[in-house]
Amino acid sequence: MMNLSKRTFLKSIVAASIFAVVGFNAEPVYSSSPDTIKLGYLVKQPEEPWFQTEWAFADKAAKDIGNVQIIKIAVPDGEKTLNAIDNLAASGAKGFVICTPDPRLGPAIMAKARAYDLKVIAVDDQFLNAAGEPMTEVPLIMMAATEIGERQGQELYKEMQQRGWDVKDTAVLAITADELDTARRRTEGAISALIKAGFPAQHIYKSPTKSNDIPGALDAANAMLVQHPEVKHWLIVGMNDNTVLGGVRATEGQGFKADNVVAIGINGVDAVNELSKPNPTGFLGSLLPSPDVHGYRSTEMLYKWIKDGVEPEKYIAVQDVVFLKRDNFKAELAKKGL
């Protein structure tokens with residue numbers, strides 16, 4: 001039989017490992033009453049305002065429900081993700097919500113979760129199986145990519161009309177990343193909405209980016225802009241704020257004035273610096289999805305699944321967005337705690 005001192009030592013090892021894995025901006029695992037349900041909430045980029053807001057509203061859901069403790073863990077890579085699941089099980093958690101750092105970790109995450117009898121809800125990014133196909137059997141809550149893209153296209157067309165631009169002199173610069181399903185659905189949604197509104201498909205130019213950031217999009221945009229010197233006005237779409245901002249920087253570098261460019265991003269939190277500039281640029285605004293809804297609803301769903309046996313829907317697409325512009329972005333971000 002293991003003596004008392006040895007058991008105490010092993011318990012301290014487990015507790016220390018749990019604390020070490022929790023990481024950035026997270027809370028250590030505190031003791032709680034026996035009837036408290038512990039739920040993990042694992043995110044890939046805890047330094048991002050989006051995920052901090054998800055965490056905050058997961059905590060709010062736990063407080064509203066009562067007798068629920070959220071264990072928040074940063075999982076920036078595969079090793080930390082799998083270690084986090086081990087530690088959640090050791091802490092007595094019954095399940096977890098996760099935005100995986102890599103969708104291809106899906107099979108490994110689910111295998112480990114099943115071994116510990118932990119329930120799993122994916123948030124923001126869908127798991128992929130070994131063949132690269134979506135794991136539709138895992139409950140998922142994420143932003144409605146196509147619908148948000150359609151809103152992007154609708155707002156661009158509306159602004160073009162308000163400015164009185166002649167469609168013959170106007171073109172769409174679509175900075176694409178079609179290898180990412182969410183990115184593809186957003187840009188295709190925007191393009192389809194523009195065409196449905198009456199914008200000519202032959203004036204829509206796609207330019208793939210090597211990375212979904214400003215430098216990658218800047219290169220992609222420059223490559224397309226030089227091919228069409230006849231265009232006087234540009235509408236810019238992309239999968240997030242930074243790809244769209246890369247397009248804006250490219251138009252500025254090639255001499256386009258802000259009045260001849262309309263760009264609308266997606267995400268909101270990466271648009272703050274641009275919208276704060278004293279003089280307007282070609283960046284009109286950004287569509288802010290709902291990390292608050294994601295955090296609260298995923299936690300609520302997981303609790304009901306564990307406590308009451310209410311299995312979540314396999315796919316929930318959140319369509320709530322706010323159009324952030326220079327005149328409202330501070331107030332709207334504050335409402336969501338961003």
Side-chain angles (χ1 to χ4, degrees), residues 21 40-45 48 50-51 54 73-89 93 95-150 174-192 206-213 216-217 220 237-240 242-243 266-267 289 294 297-298 301-302 305-306 311-319:
V21 170
Y41 206 112
L42 285 53
V43 303
K44 62 184 179 180
Q45 293 175 294
E48 291 291 333
W50 173 275
F51 293 113
E54 282 191 346
I73 306 179
V75 289
D77 57 45
E79 181 181 0
K80 286 184 172 60
T81 299
L82 300 180
N83 286 341
I85 298 172
D86 289 333
N87 284 287
L88 283 174
F96 59 91
V97 177
I98 180 170
C99 179
T100 176
D102 184 344
R104 295 169 297 180
L105 288 170
I109 291 169
M110 293 309 299
K112 191 166 279 275
R114 281 191 290 267
Y116 288 124
D117 195 24
L118 297 173
K119 298 191 184 305
V120 181
I121 294 177
V123 67
D124 299 324
D125 293 319
Q126 188 169 35
F127 292 170
L128 301 178
N129 62 22
E133 301 163 337
M135 295 177 64
T136 55
E137 70 275 16
V138 180
L140 170 70
I141 180 168
M142 67 183 299
M143 68 181 74
T146 299
E147 290 81 357
I148 289 175
E150 289 171 348
I175 300 169
T176 62
D178 287 349
E179 69 279 3
L180 299 174
D181 183 61
T182 298
R184 179 186 58 78
R185 286 192 285 151
R186 288 182 189 179
T187 51
E188 288 300 322
I191 290 169
S192 66
K206 296 181 180 181
S207 188
T209 178
K210 292 181 179 178
S211 58
N212 293 311
D213 53 19
V237 304
M239 68 91 66
N240 60 17
N242 286 329
T243 53
I266 297 174
N267 275 356
H294 292 201
R297 193 167 179 185
S298 59
M301 287 162 50
L302 183 60
W305 192 8
I306 292 166
E311 190 166 343
E313 296 177 50
K314 295 302 184 188
Y315 176 64
I316 295 176
V318 180
Q319 299 188 32

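Worth saying up front: this structure is predicted, and the values here are computed from it rather than measured. Residue numbers start at 1 and run along the sequence shown.
- Taking a 6.0 Å sphere around CZ of R185, one finds it holds more than 12 heavy atoms contributed by other residues, nucleotides or ligands.
- Side-chain atoms of K206 and T187, non-hydrogen and from C-beta on, never get closer than 4.5 Å to each other.
- Pairing each heavy atom of V97 with each of S298, the nearest pair is CG1-OG, 3.7 Å.
- Heavy-atom minimum distance, A144 versus A317: CB-CB, 3.7 Å.
- Here the shortest heavy-atom pairing between P208 and A220 reads O-CB, 3.4 Å.
- P103 places none of its side-chain heavy atoms less than 4.5 Å from the side chain of M135.
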Quick one, D178 with T176, criterion side chain to side chain donor-acceptor pair (under 3.5 Å). Give me CA distance, side-chain angles, the key distance, then yes/no.
CA-CA 6 Å; D178 287 349; T176 62; 4.5 Å; no
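- Shortest non-hydrogen contact noted between L105 and G78 is CD1-CA, 3.6 Å.
- By the neighbour-count criterion of 12 heavy atoms within 6.0 Å, atom CD of E79 is sparsely surrounded, having that number or fewer from other residues, nucleotides or ligands.
- With a 4.5 Å cut-off on side-chain heavy atoms, E188 and T146 do not count as touching.
- Residues I73 and Y41 form no side-chain contact, since every pair of their non-hydrogen atoms from C-beta on lies 4.5 Å or further apart.
- Across M239 and T243, no two heavy atoms sit closer than the pair N-OG1, 3.2 Å.
- With a 4.5 Å cut-off on side-chain heavy atoms, V318 and I141 count as touching.
- In this structure the side chain of R186 reaches within 4.5 angstrom of the side chain of M143, judged on heavy atoms.
- W305 and E311 make their closest contact through CD1-CA, 3.7 Å (heavy atoms, listed as atom of the first residue, atom of the second, distance).
- The shortest distance between side-chain heavy atoms of L42 and L88 falls below 4.5 Å.
- Taking the side chain as every heavy atom from C-beta outward, I98 and T81 approach each other to under 4.5 Å.
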Could you pull out all donor-acceptor pairs under 3.5 Å where a side-chain atom in residues 121-130 meets a protein atom, sequence neighbours excluded?
residue: D124; atom: OD1; partner: H294; partner atom: ND1; Å: 2.8
residue: D124; atom: OD2; partner: W50; partner atom: NE1; Å: 3.2
residue: D125; atom: OD2; partner: K44; partner atom: NZ; Å: 2.7
residue: N129; atom: OD1; partner: A131; partner atom: N; Å: 2.9
residue: N129; atom: OD1; partner: G132; partner atom: N; Å: 3.1
residue: N129; atom: OD1; partner: E133; partner atom: N; Å: 2.8
residue: N129; atom: ND2; partner: E133; partner atom: OE1; Å: 3.2

